[in-house]
2 protein chains.
Amino acid sequence: MTSVEEPARPGGRIRDAARTQAEILDVATQEFARAGFAGARVDEIAARTRTTKRMIYYYFGGKEQLFTAVLERAYAVIREAEQGLDVEHLDPVAAIRRLAEVTFDHHEQHPDFIRLVSIENIHEAVHIAASEKLGKIGSPALDVIRRILEQGQQSGLFTADVDAVDLHAMISSFCFFRVANRHTFGALFGRDLIDPARREHYRTMLGDMVIAYLTAERATA
Amino acid sequence: MTSVEEPARPGGRIRDAARTQAEILDVATQEFARAGFAGARVDEIAARTRTTKRMIYYYFGGKEQLFTAVLERAYAVIREAEQGLDVEHLDPVAAIRRLAEVTFDHHEQHPDFIRLVSIENIHEAVHIAASEKLGKIGSPALDVIRRILEQGQQSGLFTADVDAVDLHAMISSFCFFRVANRHTFGALFGRDLIDPARREHYRTMLGDMVIAYLTAERATA
DNA sequence: TAGCTAACGTACTAGTTCGTACATTGTGAG
DNA sequence: CTCACAATGTACGAACTAGTACGTTAGCTA
C-alpha cells in the first residue's frame with residue numbers, strides 16, 4: 001500500500017497533484033473495502049483526506065471511476081509481487097510449493113485487496129470489464145506456473161494433467177477463502193482461519209494438498 | 001428457494017401473513033444478492049412484492065433485521081441439504097468424494113446464497129453474530145466428515161491428520177471460489193469457471209485433490 | 001351480526017448523498 | 001514580473017432512501 005504521509009506545509013494550500021491523487025486512492029481503498037461500493041461514502045473519503053470532495057471529482061470523475069482506479073492500483077500491487085517470483089532454479093515440487101506460499105502470504109497480508117475483489121464480484125466485474133488497464137493483463141504468475149508445470153509433467157513427476165489456469169484457481173481458492181470468508185466461517189464453526197497459531201498449519205496444508213494432487217497416481221482412465 | 005406463486009385473488013386484498021412474509025423474503029434475497037446490503041433498496045423490494053414497504057417494517061422491523069432473516073433462511077436451506085447426506089454406507093474414499101460433490105453441486109445451484117455469504121463477510125458477519133438461530137448451529141456436514149475421517153484414519157487409508165473443520169474448509173474453498181469469484185476470474189484470465197462444458201472437469205478435480213491429499217504418503221516428520 | 005384485532009395501504013418526512021456551479025490561489029513559463 | 005492555467009476550496013441542490021404516522025379492511029369469534 002503506497003501510503004502518503006508528509007505533514008502539511010503549515011498555512012496555505014499545498015499543490016501536489018500526484019500526492020493528492022495518491023492520498024485519495026489510499027483512503028478510498030480503505031473506505032470501499034470497509035463498506036462495499038454502495039456503502040462507501042464519497043464525503044467520508046474526502047473527510048479523511050487532506051483535500052476536498054471536489055478533488056475526487058476533479059481527478060477521477062465520479063464514485064464509479066474512483067472505484068475502478070482503486071481496483072487498478074490494487075491489482076498492480078499483486079502483479080508486482082508476482083513479478084518478483086524467482087523459482088525457476090528450484091525443482092518443480094519445491095517451485096510449486098514456493099509459489100503457493102507466495103500466494104498464501106500475499107493474500108494474508110492484503111485483506112483489503114481480498115475485500116475489493118469480493119465486492120467487484122458482487123458487481124459482476126463490471127469495473128474490470130470497463131477498465132482498459134485491467135482488461136487483458138495476464139497474471140505473471142500464470143507464466144511461471146506454466147513453465148513449472150511443463151517441467152514437472154515432462155519429467156514424469158507430475159501425473160495430473162491440469163493446466164496453469166486451473167492450478168492457479170486451486171491455489172487461489174484456498175488462500176482467498178481463508179481471508180475472505182474468515183468472518184462467517186469463524187462465526188459458524190468457531191475457528192479463526194487467520195489465527196497466527198494456525199498459520200503454519202494452513203500454509204503447509206496448502207502445499208501438501210497441491211503437491212499431493214499433482215503427484216498422485218491417477219486411475220488409468 | 002421457497003418461492004411463492006399463487007395468483008392474487010382478483011379484487012380485494014388477500015390476508016395471509018405467512019405468504020406475505022415468504023414473498024418478502026424471496027424478493028429480499030434476490031435484491032440483497034444483487035446489490036449488497038447497502039446497495040439493496042427497501043423500496044425496490046417492496047415494489048416487487050404484492051405488498052408494501054409498510055409490511056417489511058411490520059414483519060421484520062428494518063432493513064438490517066430483514067437481511068438477517070434472509071441469511072437465516074438461506075443457511076437453513078444448506079443445512080437441510082446436508083441433513084439428507086447419506087454416505088455412511090460407502091467406503092471412506094467414496095464417501096469423501098460424494099461429500100465433496102454434494103458441496104460442489106449445492107454451491108453451483110445456489111449462487112445467491114454464495115453472494116449473500118460474501119456480502120455478510122464484507123460486514124464481518126455481524127448479522128450472524130446477532131442472530132440467535134445462526135449463532136451455534138454446527139453444520140451437519142461436519143459430523144459426517146468427522147465420522148468418515150475417523151474411519152479412514154483408523155483403517156490407515158487416510159494418512160493426513162486433518163480434522164473435520166479443516167477438511168470442510170478445503171472443500172468449501174474450492175466450491176465457493178468457483179462461484180463467488182467467477183466474474184473477476186473470468187475477466188482476468190478469460191476462463192468461465194461455471195461453463196457447463198468444464199463442470200465435470202472441476203467436479204472431478206475437486207475429488208481428486210481431496211483424496212490425493214488425504215491418502216498421500218506424508219514425509220515422516 | 002357486532003366487534004375486535006391482525007393485516008394491510010397511503011402519504012409523508014427527516015436526513016442523507018452524489019454531484020456541481022462558482023470562486024480562489026499557487027506556480028512555472030516566458 | 002506577469003500571466004495563464006492547473007489545482008484547490010466553498011457552498012449548495014436535486015434526488016434519493018430508510019423509516020413512520022395515520023387511516024382502512026378482512027375475517028374470526030362471541
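Every chain is numbered from 1 and lettered A, B, ... according to where its sequence line falls, protein lines coming before strand lines.
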Is there a side-chain polar atom (N or O) of A:Thr20 under 4.0 Å from OP1 or OP2 of D:dA7?
no
As a test of understanding, state which of B:Phe176, B:Phe174, B:Phe185 forms a side-chain contact (heavy atoms from CB on, under 4.5 Å) with A:Ser173.
B:Phe174
Mind running a 4.0 Å heavy-atom check of residues 52-61 of chain B against DNA chain D and sending the residues that fall below it, in number order?
B:Lys53, B:Arg54, B:Tyr57
Gap between atoms CG and P, on A:Leu66 and C:dG19 respectively (whole Å):
10 Å
Before accepting this row, confirm whether a basic side-chain N of the pair A:Arg34/A:Asp112 lies closer than 4.0 Å to the acidic partner's carboxylate O.
no
From CZ of B:Phe67 across to P of D:dG19 the rounded distance in Å is 14 Å
Taking side chain to side chain contact (heavy atoms under 4.5 Å, CB included) as the definition, give me every residue that meets it alongside A:Asp143, ordered by chain and number, with sequence neighbours left out.
A:Arg146, A:Arg147
Contact check, residues 115-129 of chain B vs DNA chain D, heavy-atom distance under 4.0 Å, returns none
So with a 6.0 Å cut-off around CD of A:Glu80, is the heavy-atom count from everything else above 12?
no
Side chain to side chain contact (heavy atoms under 4.5 Å, CB included) with A:Gln109: which residues, sequence neighbours excluded?
A:Asp105
Side chains of A:His183 and B:Glu120: any donor to acceptor distance under 3.5 Å?
no
Taken to the nearest 0.5 Å, the spacing of B:Ile96 CD1 from B:Ile171 CD1 works out to 5.5 Å
Residues B:Glu31, B:Arg48: salt bridge by 4.0 Å N-O rule
yes
Which atom pair, heavy atoms only, marks the closest approach of A:Ile45 to A:Ile24?
CG2-O, 4.3 Å
Can you tell me how far P of D:dA7 sits from CZ of A:Arg50, to the nearest Å?
17 Å
I need the CD1-P distance between B:Ile45 and D:dA18, as an integer number of Å.
8 Å
Residues in side chain to side chain contact (heavy atoms under 4.5 Å, CB included) with B:Arg198, at least two apart?
B:Arg191, B:Asp195, B:His201, B:Tyr202
Whole Å only: how far is the CG atom of A:Asp16 from the C1' atom of D:dA6?
13 Å
Looking at B:Thr51, I'd like to know whether one of its side-chain N or O atoms comes within less than 4.0 Å of OP1 or OP2 on C:dG9.
yes
Any donor and acceptor pair, going by atom type alone, linking the side chain of B:Glu23 with main-chain N or O of B:Arg50 inside 3.5 Å?
yes
Calculate the interatomic distance between B:Gln65 atom CD and D:dA18 atom P; express it in whole Å.
14 Å
Write out a two-atom table: protein N or O, nucleotide N or O from nucleotides 14-17 of chain C, distance below 3.5 Å.
{"residue": "C:dT17", "atom": "OP1", "partner": "A:Arg41", "partner atom": "NE", "Å": "2.6"}
{"residue": "C:dT17", "atom": "OP1", "partner": "A:Arg41", "partner atom": "NH2", "Å": "3.3"}
{"residue": "C:dT17", "atom": "O5'", "partner": "A:Arg41", "partner atom": "NE", "Å": "3.3"}

